[in-house]
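All remarks here apply to the structure that follows.
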Amino acid sequence: MRYYAVLDTNVLVSALLIEGSTPWRLMDMVFSKCVIPLFNDDILAEYEDVLRRKKFGFLESDIKEMIDFIKRWGLRVEAAPVDVVMSDMDDIIFYAVVMEKRAQDDAYLVTGNLKHFPKEPFIVTPKEMLDMILSGMAAETSPL
């Protein structure tokens, strides 16, 4: 089973910071093509900007590998503007992209900052997304 997901930048940061963490495991699902990342140019620009901040000290090769993979295997979604007020309006593009995709398919917005987004069942933490994927995998392999 494949899942469509907009990945908030904090998920990528956490994945690169802590090997073996839940966000890291979720990114492993992205690299195995179980999760199809949704993006547009604004999201890619934010990824590039944040991941290259000196305070993180990420290797350029790791940043390039992650972003190139998302560009190649993810799904570009051009989103219409959405009429919603959020606590951090810079995050509205993530919400707009997930809403655009949800008009056709199930899609999720995965974030470590739930408080930045409206309370919706499709806005989930990395742990919730990972649990959903693992539960779906278990159901697919169940003999019943």
Side-chain angles (χ1 to χ4, degrees), residues 1-79 82 84 86-144:
M1 183 170 204
R2 289 201 174 135
Y3 298 86
Y4 293 104
V6 176
L7 304 170
D8 195 357
T9 311
N10 60 63
V11 175
L12 276 63
V13 169
S14 295
L16 287 171
L17 281 173
I18 309 166
E19 186 174 333
S21 66
T22 299
W24 184 88
R25 292 174 56 213
L26 181 60
M27 286 308 299
D28 191 46
M29 295 291 184
V30 171
F31 284 111
S32 68
K33 301 178 189 166
C34 180
V35 175
I36 309 300
L38 306 172
F39 67 91
N40 69 6
D41 290 339
D42 293 329
I43 290 173
L44 290 176
E46 176 163 328
Y47 289 169
E48 298 254 1
D49 175 56
V50 172
L51 295 177
R52 286 193 168 87
R53 290 182 183 164
K54 290 184 194 268
K55 70 179 179 179
F56 295 124
F58 298 139
L59 296 175
E60 181 61 30
S61 59
D62 290 342
I63 297 168
K64 183 172 176 12
E65 178 184 2
M66 185 175 282
I67 292 174
D68 286 351
F69 187 90
I70 290 169
K71 286 180 185 177
R72 183 168 185 183
W73 296 105
L75 181 64
R76 182 180 297 273
V77 176
E78 296 310 322
V82 291
V84 65
M86 299 191 331
S87 64
D88 184 350
M89 289 303 286
D90 289 341
D91 288 334
I92 200 160
I93 191 60
F94 295 92
Y95 187 78
V97 168
V98 78
M99 293 306 292
E100 189 72 30
K101 184 62 178 165
R102 286 186 62 76
Q104 302 143 352
D105 296 298
D106 281 344
Y108 301 89
L109 193 160
V110 184
T111 181
N113 292 322
L114 290 176
K115 66 183 184 242
H116 287 188
F117 296 96
K119 188 171 175 66
E120 300 281 356
F122 59 86
I123 300 176
V124 298
T125 65
K127 181 178 181 342
E128 290 169 328
M129 187 76 210
L130 191 59
D131 288 348
M132 189 183 327
I133 294 166
L134 295 175
S135 175
M137 289 176 156
E140 286 179 358
T141 60
S142 175
L144 299 177

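Residue numbers count from 1 along this sequence.
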Inset, instruction - Flag the pair V6 / V110 as yes when at least one side-chain heavy-atom distance between them is below 4.5 Å, and no otherwise. - result: no
Legend entry - Residues which pass salt bridge (Lys or Arg N to Asp or Glu O under 4.0 Å) with E120, listed by chain and number, not counting sequence neighbours: none
Just list the side-chain donor-acceptor pairs under 3.5 Å for residues 18-34, sequence neighbours left out, or say none.
from	atom 1	to	atom 2	distance (Å)
S21	OG	I18	O	2.7
S21	OG	W24	N	3.2
S32	OG	D28	O	3.3
S32	OG	M29	O	3.1

Legend entry - Separation of L109 CG from L7 CG (nearest 0.5 Å): 8.5 Å
Inset, instruction - State whether the side chain of N10 and the backbone N or O of G112 hold a donor-acceptor pair below 3.5 Å, judged by distance alone. - result: yes
Legend entry - More than 12 heavy atoms of other groups within 6.0 Å of R2 CZ: no
Legend entry - Residue pair V82 / A96: nearest heavy atoms and the distance that separates them: CG1-CA, 3.9 Å
Inset, instruction - Give, for atom CG of D91 and atom OG1 of T111, the distance between the pair rounded to the nearest 0.5 Å. - result: 7.0 Å
Inset, instruction - Please name the pair of heavy atoms, one in A5 and one in V35, separated by the smallest distance, quoted to 0.1 Å. - result: CB-CG1, 3.8 Å
Inset, instruction - Please identify each residue that fulfils salt bridge (Lys or Arg N to Asp or Glu O under 4.0 Å) with R53, with sequence neighbours left out. - result: D49
Legend entry - Pairs satisfying salt bridge (charged side-chain N to carboxylate O under 4.0 Å, His left out), at least one member in residues 92-113, at least two apart: K101-D105
Legend entry - Any pair counted as ring-ring contact (aromatic ring centres under 6.0 Å, His included), so long as it reaches residues 100-124, sequence neighbours left out: none
Legend entry - Distance, nearest 0.5 Å, that separates CG of L75 from CD1 of I70: 12.5 Å
Legend entry - By salt bridge (Lys or Arg N to Asp or Glu O under 4.0 Å) - contacts of E78 (at least two apart): none
Table please: side-chain donor-acceptor pairs of residues 61-69 below 3.5 Å, with sequence neighbours left out.
from	atom 1	to	atom 2	distance (Å)
K64	NZ	D68	OD2	2.5

Using residues 37-46 as the side-chain source, report each donor-acceptor pair under 3.5 Å to any protein atom, sequence neighbours left out, with the distance given to one decimal.
from	atom 1	to	atom 2	distance (Å)
N40	OD1	D42	N	3.1
N40	OD1	I43	N	2.9
D41	OD1	R76	NH1	2.4
E46	OE2	T9	OG1	2.8

Inset, instruction - Work out which heavy atom in Y3 is nearest to a heavy atom in M129; give both atom names and the distance. - result: CB-CE, 3.5 Å
Inset, instruction - Provide the full list of salt bridge (charged side-chain N to carboxylate O under 4.0 Å, His left out) pairs with a residue in residues 125-138, sequence neighbours left out, each pair given once. - result: K127-D131
Legend entry - Pairs satisfying ring-ring contact (aromatic ring centres under 6.0 Å, His included), at least one member in residues 42-67, at least two apart: F56-F58
Legend entry - Minimum side-chain heavy-atom gap L114-I123 below 4.5 Å: yes
Inset, instruction - For D88, enumerate each residue passing the salt bridge (Lys or Arg N to Asp or Glu O under 4.0 Å) test, keeping only those at least two apart in sequence or located in another chain. - result: none
Legend entry - Residue pair P118 / M86, side-chain heavy-atom distance below 4.5 Å: yes
